*Asks:* 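Dropping the structure in here first, questions after.
Just so we're on the same page: letters track the sequence lines, and every chain starts at 1. Please read these numbers as outputs of a predicted model, since none were measured by experiment.
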Amino acid sequence: MVSEKVRVRFAPSPTGYLHIGSARTALFNWLFARRHGGVFVLRIEDTDEQRNKTEALAAIFEGLRWLGLDPDEGPEQGGDYGPYFQSERGPTYAAATAQLKRSEGIYPCFCTKERLAQRRAQRGAGGDASWHYDGHCRALPAAEAAARVAAGEPHTWRLKIPRPGATSFNDLIHGPTTVDHADVEDLILLRADGTPTYNFAVVIDDHLMAITHVIRGQDHLTNTFKQVLIYEALGWTIPAMGHISLILAPPPHTGKLSKRHGGAEIKEYQDKGYDPDGFVTWLAMIGWSFGKDEEKEPIPREELIANFDLANAGKANARMNPSKLDAISGRHFRAAPPAEFARKIDPYLRAAGFAPERLPAGDGALALIAECAQPRIDYLAQAPEVVRWAFEDPAPEPDSVKALAETEGAAAFLEAYAEDLPLEFTAPEDLEAHARGFTTTRALKFGAFAKAVRAALTGSLRSPPLFHCACLLGRDETVRRLKHAARIAAGGKA
RNA sequence: GGCCCCAUCGUCUAGUCCGGUUAGGACGCAGGGCUCUCAUCCCUGAAGCAGGAGUUCAAAUCUCCUUGGGGUCACCA
């Protein structure tokens with residue numbers, strides 16, 4: 001553990017989507033691997049037969065790709081410790097199974113599912129809701145058990161847990177953790193059909209894949225005791241174990257975040273166009289911190305890696321805070337080079353039917369829109385709303401109509417401004433310079449003038465910078481909206 | 001319910017291990033500044049150690065109890 005190469009793994013089962021909690025587990029493993037120059041392994045736990053396996057796999061691969069969590073070994077990249085699909089690892093379980101049978105670390109159990117279910121139900125009704133296997137078959141004489149196995153009687157194999165006893169391990173995050181064996185049952189390792197159960201398979205997989213650190217969610221804490229017992233029965237070195245806190249659902253809900261709460265799937269965030277780096281930062285900040293004061297600048301991935309330490313991971317579960325994600329993502333976008341930001345919003349504009357080049361501003365439109373959107377959005381899907389008024393004839397908001405009617409002399413100066421406009425709409429700055437001149441000449445207050453013009457052009461009292469709006473609209477449309485507004489200001493109905 | 005884990009502003013957290021701070025930061029919220037509006041950006045503010053015992057000159061920090069939250073109890077993973 002001291003000098004050997006760090007190997008961690010992310011082992012999701014293909015459920016059809018990548019859960020935020022899973023993504024965070026993947027992130028912590030990835031950060032840990034990168035921080036220690038180790039290897040990040042992706043293993044797919046697909047033994048539970050899935051329906052749309054291909055699709056479910058794609059969700060995992062795509063999610064990891066979007067987050068930038070590239071595995072060093074896995075189904076796509078291969079490696080020396082394959083196969084990386086648990087469903088293909090069947091043959092690798094034989095040796096461990098044989099070893100346990102030989103050492104009598106496991107024993108055959110002939111109890112039927114029905115008997116077990118019945119016993120459980122009985123105890124549950126009585127008052128003790130938990131029922132542990134009573135060791136019925138463990139008490140069978142060895143000769144009898146062997147004979148029944150030889151006779152082909154259906155049976156599972158259970159782990160022979162030392163009794164009395166206790167098991168403890170030193171959790172990377174929680175420290176020493178102990179459980180009394182009285183509270184752990186002789187769990188089934190091999191099903192009646194000979195296949196290994198989850199806890200057994202995980203131990204063998206992790207061991208054969210030379211995993212040095214198991215970092216996973218706290219929901220696995222109780223499994224860990226069972227797995228440690230299996231490692232001990234096998235005489236294998238136990239990897240370091242660390243259990244990170246869970247993500248709880250946002251306010252109205254209780255319990256851990258699940259699919260039904262919404263916002264639990266990575267794809268939702270990808271589709272809405274959150275900044276992946278910002279998303280990763282947000283994810284990392286849930287239940288983990290630098291150990292120093294948070295900065296107000298975007299945090300580069302390298303810094304996340306350089307500062308990553310499980311010692312700074314919190315023990316307590318964390319409720320997720322979506323508005324903080326917005327803030328961080330927006331911050332990342334604001335720090336992006338304008339051209340890059342423009343490229344990013346383009347597809348979202350098109351998806352809304354707002355192809356930039358359709359605007360009179362033509363080729364320059366996208367850059368102009370980007371300037372408007374960059375300080376105003378936190379995720380890309382918000383971009384179209386920033387410029388909707390440019391693509392659609394706006395239905396004027398009531399307060400903008402009111403402003404038109406109440407601004408003194410609006411009808412006149414709107415009309416005059418339309419006539420006075422420069423022939424060429426070049427840059428917003430030029431239009432502003434002209435407008436400043438126009439208002440000075442006519443002794444108009446610039447603020448009042450701008451308010452009316454804004455209402456005229458966008459149908460709203462709140463908009464991107466006025467002359468960006470005008471440039472986007474082009475001269476003809478600007479004139480048209482100005483004159484239309486002048487009529488409203490004069491008292492005529494739209 | 002048994003077992004396991006946990007507990008600092010509304011939320012995420014620093015501080016806890018090696019007791020002594022005006023208990024720090026971020027998001028959100030409130031106010032102000034900048035400004036053609038909105039937004040960005042900048043400044044300021046309100047807001048917290050779950051409760052109770054104990055140890056100590058001194059407790060957010062150590063111990064115990066209570067309360068509260070979470071997880072887990074399958075021939076699922």
*Asks:* What's the closest nucleotide to the A:K315 side chain, out of B:C6, B:C27, B:C36?
*Replies:* B:C6
*Asks:* Going by purine N1 to pyrimidine N3 plus the second Watson-Crick contact, or the G-U wobble pair, all under 3.5 Å, which nucleotide sits opposite B:G2?
*Replies:* B:U72
*Asks:* May I have the distance from A:I106 (atom CD1) to B:C75 (atom C1'), rounded to whole angstrom?
*Replies:* 14 Å
*Asks:* Can a side chain N or O of A:H174 be found less than 4.0 Å away from OP1 or OP2 on B:C6?
*Replies:* yes
*Asks:* Over all strands shown, is A:L221 touching base, sugar-phosphate only, or nothing at heavy-atom distances under 4.0 angstrom?
*Replies:* sugar-phosphate
*Asks:* Considering only the P atoms, how many Å lie between B:A46 and B:G52, rounded to the nearest integer?
*Replies:* 25 Å
*Asks:* Report the residue from A:P464, A:C372, A:P428 that forms a side chain to side chain contact (heavy atoms under 4.5 Å, CB included) with A:C469.
*Replies:* A:P464
*Asks:* Answer with base, sugar-phosphate or nothing: what part of the nucleic acid does A:T254 contact at a heavy-atom distance below 4.0 Å?
*Replies:* sugar-phosphate
*Asks:* What's the gap between B:G48 and B:C12 when it is taken at their C1' atoms, as a whole Å value?
*Replies:* 13 Å
*Asks:* Nearest of B:C73, B:A39, B:U72 to any side-chain atom of A:H132?
*Replies:* B:C73
*Asks:* Indicate, with a heavy-atom threshold strictly under 4.0 Å, whether A:D180 touches base, sugar-phosphate, or nothing.
*Replies:* nothing
*Asks:* Determine whether a donor-acceptor pair (N or O, by modelled atom type, separation under 3.5 Å) exists between the side chain of A:D430 and the backbone of A:T426.
*Replies:* no
*Asks:* Compare side-chain N and O positions of A:R462 against OP1 and OP2 of B:C36 and report whether any pair is under 4.0 Å apart.
*Replies:* no
*Asks:* Given B:G69, is OP1 or OP2 found less than 4.0 Å from the side-chain N or O atoms of A:K256?
*Replies:* no
*Asks:* Please determine, by modelled atom types, if A:D277 and A:H332 share a side-chain donor-acceptor pair under 3.5 angstrom.
*Replies:* no
*Asks:* Sticking with atom P, work out how far B:A74 lies from B:C64, rounded to a whole angstrom.
*Replies:* 30 Å
*Asks:* Less than 4.0 angstrom between a side-chain N/O of A:S323 and OP1 or OP2 of B:G28, yes or no?
*Replies:* no
*Asks:* Side chain of A:S13 only, please: which of B:C41, B:C75, B:A77 is the nearest?
*Replies:* B:A77
*Asks:* More 5' along RNA chain B: A:G255 or A:F225, using each one's nearest nucleotide?
*Replies:* A:F225
*Asks:* Measure from the side-chain heavy atoms of A:S289 and tell me the nearest of B:G70, B:U40, B:U13.
*Replies:* B:U13
*Asks:* Give the nucleotide from the list B:A77, B:A39, B:C75 with an atom nearest to the side chain of A:P375.
*Replies:* B:A39
*Asks:* What nucleic acid atoms does A:T177 come within less than 4.0 Å of, heavy atoms only: base, sugar-phosphate, or nothing?
*Replies:* sugar-phosphate
*Asks:* Quick one: is A:R331 getting a side-chain N or O under 4.0 Å of the B:C27 phosphate, OP1 or OP2?
*Replies:* yes
*Asks:* Looking at the side chain of A:K324, which of B:G25, B:A77, B:G70 is the nearest nucleotide?
*Replies:* B:G25
*Asks:* Provide the distance between the two C1' atoms, one in B:C34 and one in B:U22, to the nearest whole Å.
*Replies:* 31 Å
*Asks:* With rounding to whole Å, what would you report as the distance between B:U21 and B:A60 at their C1' atoms?
*Replies:* 11 Å
*Asks:* With respect to the side chain of A:S463, which nucleotide from B:U37, B:C4, B:A77 is positioned closest?
*Replies:* B:U37
*Asks:* Check whether A:R138 reaches the backbone of A:Y107 with its side chain - one donor and one acceptor, N or O, closer than 3.5 Å.
*Replies:* no
*Asks:* Select one nucleotide: of B:G71, B:U11, B:U37, the one nearest the side-chain heavy atoms of A:R319.
*Replies:* B:U11
*Asks:* Closest-nucleotide mapping onto RNA chain B: is A:C111 or A:R454 further toward the 5' terminus? I mean the 5' end.
*Replies:* A:R454
